[in-house]
S.K.: 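I'd like to ask some things about the structure below.
Naming convention: chains lettered A, B, ... in sequence-line order (proteins, then strands); numbering from 1 in each chain.
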Number of protein chains: 4
Amino acid sequence: MSLNSFGHLFRVTTWGESHGPALGATLDGCPPGVPVEAAALQHWLDRRKPGQSRFVTQRKEPDAVEILSGVFDGQSTGTPIQLMIRNTDQRSKDYGDIVEKFRPGHADITYWQKYGIRDYRGGGRSSARETAARVAAGGVARAALGVLTPEVEIIGYMVQVGPHGIARARFDRDEIGRNPFWSPDAQAAETWGDYLDGLRKAGDSVGAVVEVTARNVPAGLGAPVYGKLDTDLAAAMMSINAVKAVEIGEGMAAATLTGSQNADEIFMGPQGPVYASNHAGGILGGISTGQDIVVRFAVKPTSSILTPRQTITRSGEEVQIITRGRHDPCVGIRAVPVAEAMMACVLLDHVLLHRGQVGGNRGRIG
Amino acid sequence: MSLNSFGHLFRVTTWGESHGPALGATLDGCPPGVPVEAAALQHWLDRRKPGQSRFVTQRKEPDAVEILSGVFDGQSTGTPIQLMIRNTDQRSKDYGDIVEKFRPGHADITYWQKYGIRDYRGGGRSSARETAARVAAGGVARAALGVLTPEVEIIGYMVQVGPHGIARARFDRDEIGRNPFWSPDAQAAETWGDYLDGLRKAGDSVGAVVEVTARNVPAGLGAPVYGKLDTDLAAAMMSINAVKAVEIGEGMAAATLTGSQNADEIFMGPQGPVYASNHAGGILGGISTGQDIVVRFAVKPTSSILTPRQTITRSGEEVQIITRGRHDPCVGIRAVPVAEAMMACVLLDHVLLHRGQVGGNRGRIG
Amino acid sequence: MSLNSFGHLFRVTTWGESHGPALGATLDGCPPGVPVEAAALQHWLDRRKPGQSRFVTQRKEPDAVEILSGVFDGQSTGTPIQLMIRNTDQRSKDYGDIVEKFRPGHADITYWQKYGIRDYRGGGRSSARETAARVAAGGVARAALGVLTPEVEIIGYMVQVGPHGIARARFDRDEIGRNPFWSPDAQAAETWGDYLDGLRKAGDSVGAVVEVTARNVPAGLGAPVYGKLDTDLAAAMMSINAVKAVEIGEGMAAATLTGSQNADEIFMGPQGPVYASNHAGGILGGISTGQDIVVRFAVKPTSSILTPRQTITRSGEEVQIITRGRHDPCVGIRAVPVAEAMMACVLLDHVLLHRGQVGGNRGRIG
Amino acid sequence: MSLNSFGHLFRVTTWGESHGPALGATLDGCPPGVPVEAAALQHWLDRRKPGQSRFVTQRKEPDAVEILSGVFDGQSTGTPIQLMIRNTDQRSKDYGDIVEKFRPGHADITYWQKYGIRDYRGGGRSSARETAARVAAGGVARAALGVLTPEVEIIGYMVQVGPHGIARARFDRDEIGRNPFWSPDAQAAETWGDYLDGLRKAGDSVGAVVEVTARNVPAGLGAPVYGKLDTDLAAAMMSINAVKAVEIGEGMAAATLTGSQNADEIFMGPQGPVYASNHAGGILGGISTGQDIVVRFAVKPTSSILTPRQTITRSGEEVQIITRGRHDPCVGIRAVPVAEAMMACVLLDHVLLHRGQVGGNRGRIG
């Protein structure tokens with residue numbers, strides 16, 4: 001029972017502080033025979049890397065991943081894979097103000113109250129830098145899925161920044177990689193650009209909504225009742241820094257639907273069941289149906305803004321605080337590759353769990 | 001690693017099918033010396049019981065809980081507590097239609113595909129009847145919290161039925177127990193009554209949004225990064241039948257807030273930190289702040305409606321299906337006591353985890 | 001993380017006190033499609049039942065097992081299986097002496113110190129009665145192994161009672177079921193009979209050594225480094241009441257062997273590797289080789305004897321204690337069916353784990 | 001559920017292959033505020049280091065440990081602590097013979113069969129080098145115990161080499177650190193020296209028995225039934241390379257004792273219960289009594305000897321094999337620091353578990 005680990009058979013433990021010597025991930029349970037190489041993992045990390053546009057934090061980290069174990073002759077051995085990322089750019093002087101002060105909206109105060117000690121540099125363990133380790137782990141998970149379920153595709157993108165959502169009718173998958181926002185809607189990308197420029201100059205920030213879809217996932221994944229696929233996905237996304245809500249399929253909107261509107265009717269196709277719609281988001285009773293798995297989550301705005309805020313110090317003194325240094329007008333942007341990584345890890349875990357528990361789908365239809 | 005269990009130190013395993021001999025919960029890790037008696041647990045179960053109003057399923061189950069172990073002279077011993085509820089009203093003839101057919105929106109098809117065998121009576125293990133076991137477990141958790149953190153209060157209520165939400169300005173805690181909907185807004189309760197009467201007559205159903213608040217929770221609960229309090233709460237609520245989204249604090253709305261709007265500023269009060277607002281929902285960095293913990297989730301409408309739906313049979317034949325028998329126009333109503341039970345279980349778990357990991361809050365302020 | 005559970009994918013939680021209403025086992029992860037029936041489980045329980053000869057405790061319990069969930073149409077569904085055994089013969093007046101006194105060699109004092117409350121009747125949760133639940137669980141595990149690895153055989157037997165060991169040269173498998181001691185050596189059975197008659201009359205008891213062998217176990221089972229097959233077997237056997245040592249293969253004797261004596265040389269047979277000897281007990285590096293898995297453990301003598309012993313009371317008063325009532329001259333005898341049950345549970349767990357983690361052996365030889 | 005992790009609240013995951021870039025341990029759950037420094041951990045590693053006498057392997061590894069996370073200002077933060085040890089001396093040409101051949105008595109064949117890929121250099125993950133990570137973890141555990149239970153002492157020593165045991169009457173604690181064998185009996189150390197010199201020259205090896213004692217352990221540690229202290233200790237020691245048996249207290253000898261001989265009578269002392277003897281090895285019903293916890297285990301002889309042995313290759317060809325290069329005449333010697341480390345980790349885990357589950361001993365005596 002590690003509280004710094006997630007997963008059942010494919011179990012990932014992350015470690016490391018924002019300004020410590022390094023951070024990384026211990027992967028236990030990657031099946032053997034999966035091609036694993038640092039360059040492939042680096043690709044995924046580079047997509048997440050700070051400093052890619054003026055809209056994300058300007059911390060220059062190479063985020064170079066090193067594989068320390070579990071791989072031999074370019075393949076996983078079935079033994080633990082240790083991934084390490086050294087920290088290099090640790091401009092700690094930016095954080096001098098927070099040795100004594102608790103930044104509102106951050107974990108500073110709760111970490112202090114709970115542990116009685118906190119690495120205040122860059123938020124320590126509570127920093128979003130921890131997600132770099134997740135993305136590295138996600139790279140390995142993707143490689144394993146590539147062997148076990150090669151048809152599975154995982155696509156993450158932004159659907160809303162502040163009050164501005166995309167238009168689903170303009171959804172273009174190829175657009176996602178062409179703008180700094182992972183937006184599938186070119187028009188929305190432009191709107192967001194102007195909007196965030198304004199916020200950045202004002203020293204403010206805003207929240208966002210990220211969506212990640214998994215396609216061609218086989219039916220049968222998920223372990224009811226408490227290892228349901230949607231339960232594990234909800235936990236995975238909720239564990240990402242700054243996330244305040246998770247939705248599956250219709251999400252909150254399901255509350256407004258009637259039964260006659262919501263149920264996805266079933267027909268028979270040449271290769272098995274075919275669904276007329278996907279309000280369920282690809283999961284029924286906690287088990288995948290074979291339809292697209294659609295997960296969405298809301299990221300709150302970063303509280304590290306340039307407006308002075310009221311707070312207290314460790315000695316109980318009321319003060320103001322301005323967090324200088326590097327800031328994200330919209331931390332949600334960086335969460336897109338993280339969402340994909342978590343989806344990959346959870347799916348791999350459930351592929352292994354399914355074959356362990358049941359040995360493969362047992363029920364024929366047709 | 002039980003996929004039918006949740007919790008870390010206070011670990012609950014539920015078992016049982018809708019129409020099997022019994023269902024129940026195995027509770028492992030209840031601290032010793034907690035007063036546990038069947039009558040107290042029965043109180044919580046009766047609040048959930050079917051047949052209480054014309055708006056919830058008319059299945060007549062006494063839901064009588066029996067304590068089979070772990071209690072001696074009216075107190076928990078620290079050994080596993082087995083709670084059992086015998087099933088008595090199992091009108092299986094209501095379900096004759098679904099031996100071969102898969103009800104759209106239900107887990108019938110996925111359970112069949114995965115396991116190759118399913119107890120089709122009443123949905124078997126996928127039935128919401130499983131939540132009776134959770135409510136019984138929640139009764140024990142409440143008793144333990146009553147010893148360890150007696151000031152904690154857990155209150156669940158409905159905030160939306162279909163498109164109709166409550167007015168927060170009319171929130172009256174005492175109203176919750178006075179209407180059949182757990183509504184804190186008397187006016188909304190009337191609106192919902194008329195709305196659901198119409199749906200029930202039409203043989204349709206609708207979704208809902210449930211909110212559960214925990215008050216006077218000590219700061220410091222939660223085990224980052226993957227045992228965060230909000231992560232465990234999200235998983236707990238998402239695991240409830242028919243839930244499609246979970247929110248903490250502002251939830252999805254956090255996406256639209258700016259940093260200057262969202263951060264809860266901190267002041268110093270006579271007994272410690274005081275927050276000017278609670279956009280965070282009582283949790284920062286995955287650890288409780290001492291503020292109200294606010295969790296919300298959306299329940300989709302039941303798919304067991306009287307309108308004929310398209311589906312297929314096990315042999316792949318396309319047919320129509322009408323699910324006769326007992327139906328809920330709004331299953332979300334029954335989820336309110338379940339939400340409270342899950343909140344109690346997760347909080348107790350984290351109280352124990354916190355004292356085990358850290359021994360109690362270590363950081364002084366002031 | 002349940003401390004009252006064992007296993008990874010096939011996870012068993014036992015519950016129940018010696019004199020409580022019932023005891024049982026919650027089985028999570030039995031694969032679907034396994035034939036499970038109460039009569040078959042009853043067979044295994046009857047082999048363990050008290051009252052079978054003058055050498056085991058005279059408590060008359062029918063030990064009737066009831067299946068409460070997880071089985072439909074005679075087959076496991078993949079959902080949790082709840083097995084319950086009602087307690088009927090609870091001659092509590094036999095234990096009146098120990099409300100205040102701690103029986104030396106028993107868990108009375110440690111349970112009191114730790115929990116501050118203990119069900120003193122019959123030892124409560126610390127009673128060997130708990131092993132009835134294990135045997136029931138073992139019955140299900142055997143049924144599952146019968147489907148997945150039908151060639152596997154599990155045979156338990158006694159190899160030593162007090163100072164008297166069997167002669168390996170006289171080992172006769174058919175003899176095991178013909179005497180009250182599970183002895184594979186008829187001559188030893190006679191010696192033990194006389195020896196234990198003497199002890200029983202003297203009101204004393206003695207320890208024993210149990211051995212359990214698993215034959216035709218496929219190679220490849222075991223999950224290094226901390227889920228090694230021998231690690232899980234050691235834990236399984238050590239968790240049985242009164243066990244003080246566990247051996248694999250040569251066991252303690254391995255310390256006296258030289259490298260040239262100990263290594264099992266390997267040859268090639270028609271169907272794969274063949275070993276010239278089995279000092280390893282069927283496990284290398286924590287993984288099964290395909291040879292017989294041989295596990296042995298020592299059971300200490302019961303401390304419930306008729307000789308007065310020095311002890312103290314809860315109030316710290318020094319007193320003498322005689323435990324009257326039902327007594328075993330050799331509790332080790334009852335441990336034989338328990339050892340078989342634990343072997344079955346651990347093997348099933350590893351069969352599932354192996355196929356989940358790796359999907360089946362991947363390395364060809366020849 | 002990591003199969004490369006052990007522990008419940010203090011959870012250690014080891015990673016790394018013998019000849020990979022590095023090996024290490026991820027420690028999750030070290031309580032905050034524990035002084036942790038690399039120099040202190042190095043002390044424990046140096047005691048284990050290869051190359052210290054002619055009786056242990058001559059591989060020259062500095063085994064320099066680096067702390068990569070979880071420590072701030074010299075104290076643990078409560079976040080995961082990553083310990084890394086770079087491999088430097090990897091004379092891989094010594095192992096050229098085993099690319100194709102399986103060394104008898106080693107895990108080569110089972111790893112190949114299970115995973116279909118193995119890092120054959122130095123035994124890969126199955127190498128005893130993995131124990132360096134355990135010793136580093138043990139160093140942190142000792143530091144934590146030093147804060148939480150400073151009176152606890154952990155002492156490991158050798159009690160038997162081949163057929164030669166120590167004389168308990170000559171037991172001298174100070175002798176342990178004065179000879180190359182961790183022998184508490186100076187005379188036995190001399191006997192062992194001559195004996196092992198002979199074996200080393202003959203290119204052979206022999207097994208050994210290690211004993212580790214924990215003194216001043218508070219009563220109440222251990223979580224029945226499957227998290228018993230002796231169960232966790234048995235698993236911990238059995239997981240060490242080459243271990244074939246584990247004993248608690250009397251161990252296998254308990255089988256020969258009668259009840260009147262074995263029970264440890266209880267008297268009342270000034271500070272609580274006092275036991276007349278310690279056949280139990282400090283554990284009753286899986287819970288510590290406060291007496292010395294005595295654990296013993298047998299290490300088999302290394303199979304890497306200079307005598308030619310029969311084996312097969314991956315292609316099924318029968319061949320002979322001689323393992324050249326570095327060899328231990330008695331690998332058991334190196335296991336002594338490992339046993340201490342495991343004892344420390346398990347004890348710390350149970351200290352945390354106890355305070356989490358129960359909050360401290362609840363039952364008064366006197």
Side-chain angles (χ1 to χ4, degrees), chain C residues 1 3-4 6 8 104-105 107 110 112-114 116 126 163 204-209 219-220 223 225-227 231 234-235 238-239 244-248 251-252 254-256 258-260 262-263 265-266 268 284-285 287 298 300-301 303 305 307 309-312 316 318 361-363 365-366, chain D residues 1 3-4 6 8 104-105 107 110 112-114 116 126 163 204-209 219-220 223 225-227 231 234-235 238-239 244-248 251-252 254-260 262-263 265-266 268 284-285 287 298 300-301 303 305 307 310-312 316 318 361-363 365-366:
Chain C
M1 184 198 80
L3 285 318
N4 281 284
F6 67 94
H8 308 280
T110 49
W112 172 255
Q113 288 177 296
K114 183 181 182 82
S126 71
D204 208 344
S205 65
V206 78
V209 178
V225 165
Y226 298 100
T231 300
M238 191 64 86
S239 74
K244 301 307 284 186
V246 183
E247 300 188 315
I248 307 280
M252 293 305 291
T256 62
T258 60
S260 43
N262 184 62
E265 292 183 299
I266 315 173
M268 193 64 187
L284 281 178
I287 298 172
K300 69 177 188 181
S303 306
I305 56 180
T307 315
R309 313 295 293 158
Q310 282 296 128
T311 189
I312 60 177
E318 289 181 356
N361 280 341
R362 299 185 72 249
I365 294 179
Chain D
M1 184 196 83
L3 285 318
N4 281 283
F6 68 94
H8 308 279
T110 48
W112 171 255
Q113 288 177 296
K114 183 181 184 83
S126 70
D204 207 343
S205 65
V206 79
V209 178
V225 165
Y226 298 100
T231 300
M238 192 64 86
S239 74
K244 299 307 284 186
V246 184
E247 301 187 316
I248 307 280
M252 291 307 289
T256 62
L257 297 179
T258 61
S260 45
N262 183 62
E265 292 183 296
I266 315 173
M268 193 64 187
L284 279 178
I287 299 171
K300 70 178 188 180
S303 307
I305 56 180
T307 315
Q310 281 297 125
T311 189
I312 59 178
E318 290 180 355
N361 280 340
R362 299 185 72 248
I365 294 179

S.K.: Counting heavy-atom pairs closer than 4.5 Å to chain D, which one of C:Gly316, C:Gly363, C:Gly251 comes out on top?
M.R.: C:Gly363
S.K.: So which residue, D:Ser260, D:Ala298, D:Pro104, ends up with the most heavy-atom pairs under 4.5 Å with chain C?
M.R.: D:Ser260
S.K.: Chain C: which of D:Ser303, D:Ala234, D:Gly105, D:Ala208 shares the most heavy-atom pairs with it under 4.5 Å?
M.R.: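 Of the candidates given, the most pairs with chain C belong to D:Ala208.
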S.K.: Taking D:Asn262 for its side chain and D:Ala254 for its backbone only, find out whether a donor-acceptor pair lies under 3.5 Å.
M.R.: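 No: the side chain of D:Asn262 does not pair with the backbone of D:Ala254.
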S.K.: Given side chains that start at C-beta, do those of C:Val246 and D:Val246 come closer than 4.5 Å, heavy atoms only?
M.R.: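 No, too far: nothing below the 4.5 Å cut-off.
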S.K.: Let's test your reading of the structure: which of C:Val209, C:Val225, C:Thr256, C:Thr307 forms the most heavy-atom pairs below 4.5 Å with chain D?
M.R.: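 Top option by heavy-atom pairs under 4.5 Å: C:Val225.
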S.K.: What part of C:Ala223 gets within 4.5 angstrom of chain D, counting heavy atoms only: side chain, backbone, both, or neither?
M.R.: both
S.K.: To the nearest 0.5 Å, tell me how far D:Thr110 OG1 sits from C:Ile287 CD1.
M.R.: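 Rounded to the nearest 0.5 Å, the OG1-CD1 separation comes to 4.5 Å.
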S.K.: Need one label for D:Glu318: side chain, backbone, both or neither, based on atoms under 4.5 Å from any heavy atom in chain C.
M.R.: side chain
S.K.: Sort D:Asn4 into side chain, backbone, both or neither according to what part of it lies under 4.5 angstrom from a heavy atom of chain C.
M.R.: both
S.K.: Quick check for you: among C:Met238, C:Lys300, C:Glu265, C:Glu247, which has the greatest number of heavy-atom pairs under 4.5 Å with chain D?
M.R.: C:Glu265
S.K.: In terms of heavy-atom pairs under 4.5 Å with chain C, which of D:Ala245, D:Gly285, D:Gly207, D:Ala255 leads?
M.R.: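 Of D:Ala245, D:Gly285, D:Gly207, D:Ala255, D:Ala255 has the most heavy-atom pairs under 4.5 Å with chain C.
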S.K.: Can you tell which of D:Thr311, D:Leu284, D:Val206 has the highest number of heavy-atom pairs within less than 4.5 Å of chain C?
M.R.: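 So the answer, after comparing D:Thr311, D:Leu284, D:Val206, is D:Leu284.
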S.K.: Out of D:Met268, D:Gln113, D:Met252, D:Lys114, return the one with the most heavy atom pairs under 4.5 angstrom to chain C.
M.R.: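 It is D:Lys114.
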S.K.: Apply side-chain contact (heavy atoms from CB on, under 4.5 Å) to C:Ser126 and list each qualifying residue two or more places apart in sequence or on a separate chain.
M.R.: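 In terms of side-chain contact (heavy atoms from CB on, under 4.5 Å), with neighbours along the sequence ignored, C:Ser126 is linked to C:Ala107, C:Tyr111.
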S.K.: If we define contacts as heavy-atom pairs under 4.5 Å, which of C:Pro163, C:Gly227, C:Ser239, C:Gly220 has the most with chain D?
M.R.: C:Ser239
S.K.: For chain C, which candidate among D:Thr258, D:Leu257, D:Ile248 shows the most heavy-atom pairs at distances under 4.5 Å?
M.R.: D:Thr258
